[in-house]
Every structure is written in structure tokens, then in C-alpha cells.
Amino acid sequence: MHVHLRQGAMMALATAQIEAGGTDTVLVMPNLSPPITSVAQAVAYHAALQRLAPAVTFLMSLYLHPTVTPAVIAEARASGVVHGVKLYPAGVTTNSAAGVLDVAAYHAVFAAMQEHDLVLNLHGEMPSTAAGAITVLNAEAAFLPQLRALHAAFPRLRIVLEHVSTRQGLDAVRRCGPTVAGTITAHHLWATIEDWCGDVFAYCKPVPKTAEDRAALVRAVVAGGGNFFFGSDSAPHPIQAKRGGADGRGATAAGAFTQPYGPALVVQAVAEGVRNGWFAADDVRLEAVDGFLGRFGRSFYKLPESEGRIRLERKGERIVDSLKSGDGAVEVVPFRRGEEVMSVHWVARRDGRTEDVTVAES
Ligand code: DOR
Ligand code: ZN
């Protein structure tokens, strides 16, 4: 329930990995260049994605921007394809320059979203400050009062705190009512500061935090409360962008690419949690992990249950070193390249197909 599929050759590459990775429904982020700020753009993007992967359900989102007015919210609801509106505080991540400077300026839009029952998706980080009171390490914790204020002002508005990365973020969601949920990525179940500080392919926003935060996120999956569900935030970047641009002298781009492996990485992170002693094997219930990967998110987004079923098997598969577009022009390196990963087997699909789709074949 949170993926970046991009445009052009990268869009074709990333979209081909949705079913290969064991997923049949995705909420697509709008931070394209230019961002998706109109319903017409969202409808056109939806059609392009649907042509690439006819069996996948694409839920679209709009990028919150001054041109997104209450009238646009009504139009978005009527379109049937737009399910959420993403709030990026300006400057916190990839393509967020056109994001929100003042949340209060959007209260009429939030009121319309509450009325039309669209979801508000929050990138919950405050921008870093020059004086250093806010850095990437406390940016999420510093944002949480805004989550509480929005929930208090719009108690019926469904709000998702995206890619929760801290214990404080988990607690803030737990203290809100049932209209507030949090997504958790696969990479935040695996990574801590140690991983991204030396590896551009693990660098993402919000940055993974401490070992305690990581353990708390895995425990939230195992708890299976229904208020946290999978949002992979799979965010592919061309290898050159990760390595500082064409001349290699620029900054790296934030984003971990996990689209081919999301459910497998989640299940393996839970197994790793048992090995790390964060909980006992007996504490892990299939309903909790299965709910996290599918049912809880579908229920929050008011979607019918999926008939699709996957089985994950240990067959010695390894995460590929990189994936390339058909013409070889775009190359993307996945998170945890080279590590062992469970293989995806579709047991049942919504359209009745049962053949294997693997990363290698697609
Ligand atoms: O790491 C990230 N990458 N975090 C985001 O919020 C955006 C994303 C991207 O679009 O690359
Ligand atoms: Zn994202």
C-alpha cells in the first residue's frame, strides 16, 4: 500500500515486478516529475500502468499542492481511481520540492477529504533545520504532534502515517483512533543506521533508525493489531542516481528498491526476529503476518478481500545484483542484493491463473 513506479523505462521495469514479487494491489505514489496534482494526470497514469500489468489493481494518489482544492477532491472521489492524497513536507525527500510548507493552509481540503472519504497519506518527517534542532534522526518524532493535531481536527478522516521508522511513530499511531493507521516497509524491518550510512542502496527516507526501533517495527508486525500494514515504499532509482549522478560527484538519491521481494523480506524479517530473541516462534501467528501483508491494508482502504494467494518457499534463491530495463538503458540495484530470499509461488490468482511468475522470467 505504498510503492513508487516512476515513468518511462523505469516504470516498465518496476511494474513488471509487482506480481513477480507476490503482490496484486498497490497504492501508487504521485511524486513524479512533474508531480500528479490533477485527476486527469492520475487517470492517465493509471491507464498507462494498467496497460503494463492488466491483472494488478492500481490505487492512485494525488500530490497535495495548492492546486488540489476541495473541488478537485470531489472530482478525485468521482474518478474511482484516486484513493489517497499524499502530503510531502517540502524538501524532505525525492521530488518533494513542490510539497507542503504550511499544513494549516489545507484545512478546507482535509475537510473535503473527510466528507468524500479519501485517505490522507503522510510523509511524517519535519524538514531538517540549519541549526540542527531537527536532523534525519529525529525528523519523524518531531512530526508526530502534527499527526495528533490532524486526527483531533478531523477524527473521521482516514490517515496513514507512511513508513513508520521509530518507536515514537508506532506509539503515536496506537494512541489514535481506528481511522489512523501506519505502514511499515520491508527495509525498515531489516535496516538500521549501520546499513544506510555505508551503502547507498539502503539509503532511504525516513532513514532507518536504531536496533530498538527496528525490533519494535518487527514486533508490530507480529502483534497483528490491524492498525499497521505493509507499505513497501519500494523506490527504484537508476544506479547512476544512487552513485551521485552522471559525473558521480552529486548526492545520492533516497530510496530502497524492494518491489520483487516485498512479502518475502517481511516474512524473513519475522524469522530473523525470532533468531534475534525479539519474540518466540510461538508468538508468530499466520493471521498476523498474512493480515499485515494483505487483509489489514485492504480493509483500511475499504477494498474487498483478494482471492489471490501466494506461497513463499526457501529454494536457495538469491536477490539479484541488479535488474535492467528491456533495452538495458536503466539499471536498478535492489535492497539486500545477493542475500538469500524466499521464492514466490502464486497458489491462486484473482483471474484464475496459477502459473509461476519469477523475477528471472519477468
Ligand atoms: O526513500 C524514499 N524514496 N523516501 C521517499 O519518501 C520517497 C522515495 C522516492 O520517491 O524515491
Ligand atoms: Zn514513498
Side-chain angles (χ1 to χ4, degrees), residues 2-17 20-21 28-36 63 88-99 123 125-130 132 134-137 139-140 162-163 165 185-188 190-209 214 232-262 265 318-339 341 359-360 362:
H2 178 145
V3 299
H4 296 268
L5 297 175
R6 314 299 193 203
Q7 291 149 292
M10 184 65 97
M11 171 171 79
L13 183 158
T15 302
Q17 296 306 323
V28 185
M29 288 298 120
N31 62 333
L32 303 186
S33 184
I36 303 285
Y63 186 108
Y88 287 102
V92 295
T93 190
T94 306
N95 289 347
S96 63
H123 184 112
E125 287 192 291
M126 294 300 283
S128 295
T129 55
I134 297 176
T135 70
V136 292
L137 295 179
E140 181 172 286
E162 299 291 342
H163 38 56
S165 67
T185 78
H187 48 282
H188 287 96
W190 279 100
T192 66
I193 295 168
E194 307 294 326
D195 296 276
W196 58 262
C197 74
D199 178 1
V200 291
F201 300 109
Y203 173 65
C204 58
K205 292 293 301 295
V207 296
K209 308 289 189 314
R214 178 185 167 205
S232 73
D233 197 15
S234 171
H237 287 280
I239 189 168
Q240 296 86 349
K242 280 299 210 177
R243 292 194 171 144
D247 67 4
R249 298 198 188 99
T252 186
F257 178 57
T258 54
Q259 195 71 63
Y261 306 108
L265 286 172
R318 294 206 170 262
I319 293 181
V320 296
D321 285 334
S322 75
L323 286 171
K324 288 190 180 154
S325 59
D327 60 2
V330 175
E331 179 176 7
V332 58
V333 176
F335 177 71
R336 288 184 65 76
R337 62 195 177 281
E339 299 290 337
V341 69
V359 176
S362 59

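Sequential numbering from 1 along the given sequence is applied to the chain's residues.
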Checklist entry - Who pairs with Asn31 by side-chain contact (heavy atoms from CB on, under 4.5 Å), at least two apart in sequence or on another chain? => result His4, Arg6, Met29, Tyr63, Tyr88, Thr94, Asn95

Next on the checklist: To check you understand the geometry: which heavy-atom pair defines the closest contact between Pro206 and Lys209, and what is its length?
Outcome noted: CB-NZ, 3.7 Å

Next on the checklist: Can you confirm whether Phe335 sits close enough to Asp199 that some side-chain heavy atom of one is under 4.5 Å from a side-chain heavy atom of the other?
Outcome noted: no

Checklist entry - Measuring from Ile319:CD1 to Arg337:CZ, what's the distance to the nearest 0.5 Å? => result 10.0 Å

Checklist entry - Under a 4.5 Å cut-off applied to non-hydrogen side-chain atoms, are Ile193 and Trp196 in contact? => result yes

Next on the checklist: Quick one: does any side-chain atom of Glu140 pair with a main-chain N or O of Ser165 as donor and acceptor, under 3.5 Å?
Outcome noted: yes

Next on the checklist: Is it the case that the side chain of Lys242 and the backbone of Ala253 share a donor-acceptor pair, with hydrogens and angles ignored and the cut-off at 3.5 Å?
Outcome noted: yes

Checklist entry - Do Pro236 and Gln259 have side-chain heavy atoms sitting under 4.5 Å apart? => result no

Next on the checklist: So if I apply the side chain to side chain contact (heavy atoms under 4.5 Å, CB included) rule between Val207 and each of Val136, Thr192, Asp195, which one comes out positive?
Outcome noted: Val136

Checklist outcome for this item: Here the gap from Cys204 atom SG to Phe257 atom CZ, rounded to the nearest 0.5 Å, amounts to 14.5 Å

Next on the checklist: Using 0.5 Å steps for rounding, measure from the CD atom of Glu339 to the CH2 atom of Trp190.
Outcome noted: 7.5 Å

Checklist outcome for this item: Between Val332 and Pro334, the two heavy atoms sitting closest are O-CD, 3.7 Å

Next on the checklist: Between Thr129 (side chain only) and Ile134 (backbone N and O only), is there a donor and an acceptor less than 3.5 Å apart?
Outcome noted: yes

Item to check | pair His237-Phe201: side-chain heavy atoms closer than 4.5 Å | outcome: no

Checklist outcome for this item: Closest non-hydrogen atoms of Ala97 and Ala90, given as atom of the first, atom of the second and distance, are O-CB, 4.2 Å

Checklist entry - Can you check whether Arg318 reaches Val320 side chain to side chain, under 4.5 Å on heavy atoms? => result no

Checklist entry - Should Leu13 and Leu323 count as side-chain neighbours, where that means a heavy-atom distance under 4.5 Å? => result yes

Checklist entry - Less than 4.5 Å apart, any side-chain heavy atom of Met126 and any of Pro89? => result no

Item to check | Sequence neighbours excluded - side chain to side chain donor-acceptor pair (under 3.5 Å) pairs with any residue from residues 324-336 | outcome: Ser322-Glu331, Ser325-Asp327

Checklist entry - Mind checking whether His187 and Leu265 have side chains closer than 4.5 Å, heavy atoms only? => result no

Checklist entry - Parallel, tilted or perpendicular: which fits the ring planes of His2 and His163, with parallel below 30° and perpendicular above 60°? => result tilted

